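Each ligand, and each atom within it, is numbered from 1 in the order the structure gives. Numbering starts at 1 and runs along the sequence shown. Bear in mind the structure is a predicted one, so any value in this text is a computation, not a measurement.
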Amino acid sequence: MSRWTGALFDPRRFAPSRTSSDDTPDQSMERGCQIGSDRPSAFNPWLHRFAIFTAISTLGLIIIGGLVTSHGAGMAVPDWPNTYGYNMFAFPISKWVGGVLYEHSHRLMATFVGLLTAILSLWLWVRETRGKGRWLGVGTIVMVLGLMGVRALPVYLILAWLALTVGGFSLYQIRRNFAALRWWGALALAAVILQGVLGGLRVVWLTDQIGIFHAALAQMFFALTCLIVLFTSRWGQERRAPALRGGELESRAELELCAPAATAVTRWSAPGG
Ligand code: HEM
């Protein structure tokens with residue numbers, strides 16, 4: 001276990017104020033979970049349902065992506081962001097035949113998933129951020145959505161670099177506070193933008209190797225949406241520190257959120273578990 005995860009999952013850290021020094025690690029973990037469930041739940045069923053919908057749509061997108069590759073249809077539409085010169089949304093249905101059907105529906109589905117991810121990240125951001133930071137985040141996400149609508153390669157390249165930066169910064173914030181869902185949302189949005197641009201560059205730069213990164217990032221992005229589903233569930237939220245204080249979550253929150261996850265992973269991975 002790394003220094004970071006070791007510190008996060010150390011059961012003794014879950015209930016510092018109530019843990020007796022005689023407690024076993026299991027008792028300690030139990031106390032930590034009880035403390036979490038004593039607190040008012042921030043569970044929002046609609047947010048959780050929306051996260052589930054996003055994850056399921058992503059799974060559908062990955063399946064269509066697999067069809068693109070297995071049918072050798074990656075280059076069936078030779079241009080991007082346009083489709084045979086048409087705006088992607090105006091491409092006539094009568095031309096959706098052969099490999100074009102797979103590639104074009106993959107692009108459309110990717111746009112839909114991108115939109116869902118933007119809404120999810122916006123939702124998480126607004127929910128967990130107070131003051132100026134809230135509107136700064138909202139403004140940035142809306143601006144990014146507007147720029148995506150420009151549908152020009154240079155703009156997408158700039159957005160991809162921005163996404164790399166924001167993704168790195170989000171990871172840094174998540175490392176500081178594992179339970180800050182708004183940064184998980186920002187990470188997901190950065191990942192989906194990068195993923196979309198990688199898919200497009202694979203076409204316009206005719207580079208097979210980009211397809212490898214595109215395929216790998218797809219799985220990571222799906223895992224990310226599943227984590228958000230888990231964290232927004234009643235189970236995840238009830239084990240989380242209660243309040244937003246000055247827009248930041250308490251560091252205890254990360255521990256309380258991680259406790260059940262760590263237990264579950266350990267039990268699954270244990271022989272015969
Ligand atoms: C945004 C979310 C996206 C996800 C999750 C996604 C996922 C995938 C997956 C899983 C594959 C199959 C990879 C493999 O098995 O080797 C694939 C293939 C492909 N995707 Fe995407 N994709 C996304 C967006 C896009 C976009 C916007 C484009 C734009 C053109 C695109 C173009 C392609 C192409 C051309 C392939 C075929 C690659 C090859 O066969 O070399 N994808 N995608």
Under 4.0 angstrom from ligand 1, any heavy atom of Glu103?
yes
**Prompt:** With a 4.0 Å cut-off on heavy atoms, is Gly200 touching ligand 1?
**Reply:** yes
For Val203, the atoms of ligand 1 under 4.0 Å from one of its heavy atoms are 35 (C)
In ligand 1, the atoms that come under 4.0 Å of a heavy atom of Ala215 are 13 (C), 14 (C), 16 (O)
Trp80 heavy atoms within 4.0 Å reach ligand 1 at atoms 29 (C), 30 (C)
query = How far apart are the C-alpha atoms of Val203 and Met75, what are their side-chain angles, what is the distance that settles it, and do they pass the side-chain contact (heavy atoms from CB on, under 4.5 Å) test?
reply = CA-CA 6 Å; Val203 172; Met75 292 308 297; 4.1 Å; yes
task: Indicate if Ile64 and Val113 have the same hydrophobic cluster label, given that clusters are the connected sets of ILVMFWY residues with side-chain heavy-atom separations under 4.5 angstrom.
output: yes
Problem - Ile212 reachable from Leu206 in the ILVMFWY side-chain graph, under 4.5 Å edges - result: no
Nearest heavy-atom approach of Leu187 to Ser170 is N-OG, 3.7 Å
Checked atom 21 (Fe) of ligand 1: protein N, O or S atoms closer than 2.8 Å come out as His106 NE2, His214 NE2
Atom 35 (C) of ligand 1 sits nearest the protein heavy atom Gly74 O, 3.4 Å
Next on the checklist: Could you check whether any side-chain heavy atom of Trp183 comes within less than 4.5 Å of a side-chain heavy atom of Arg176, counting everything from C-beta outward?
Outcome noted: no
When distances are taken from atom 14 (C) of ligand 1, the protein heavy atom at minimum range is Thr69 OG1, 3.3 Å
* Within one Ile-Leu-Val-Met-Phe-Trp-Tyr cluster: Met88 and Val155, side-chain cutoff 4.5 Å -> no
inquiry  = Would a single hydrophobic cluster contain both Met220 and Phe222, if residues Ile, Leu, Val, Met, Phe, Trp and Tyr are joined by side-chain heavy-atom contacts under 4.5 Å?
reply    = no
Q) Does the pair Phe178 and Trp184 meet the rule for a ring pair (Phe, Tyr, Trp, His ring centres under 6.0 Å), with working shown? A) CA-CA 9 Å; Phe178 195 79; Trp184 285 97; 5.4 Å; yes
**Prompt:** With hydrophobic residues grouped by side-chain heavy-atom distances under 4.5 Å, do Trp80 and Met148 end up in a single group?
**Reply:** yes
Q) Under 6.0 Å between ring centres, would you say that holds for Trp235 and Phe43? A) no
Next on the checklist: Taking only non-hydrogen atoms of Asp208, do any sit less than 4.0 angstrom from ligand 1?
Outcome noted: no
| request: Return yes when Val192 approaches ligand 1 closer than 4.0 angstrom through a heavy atom, no otherwise. | output: yes
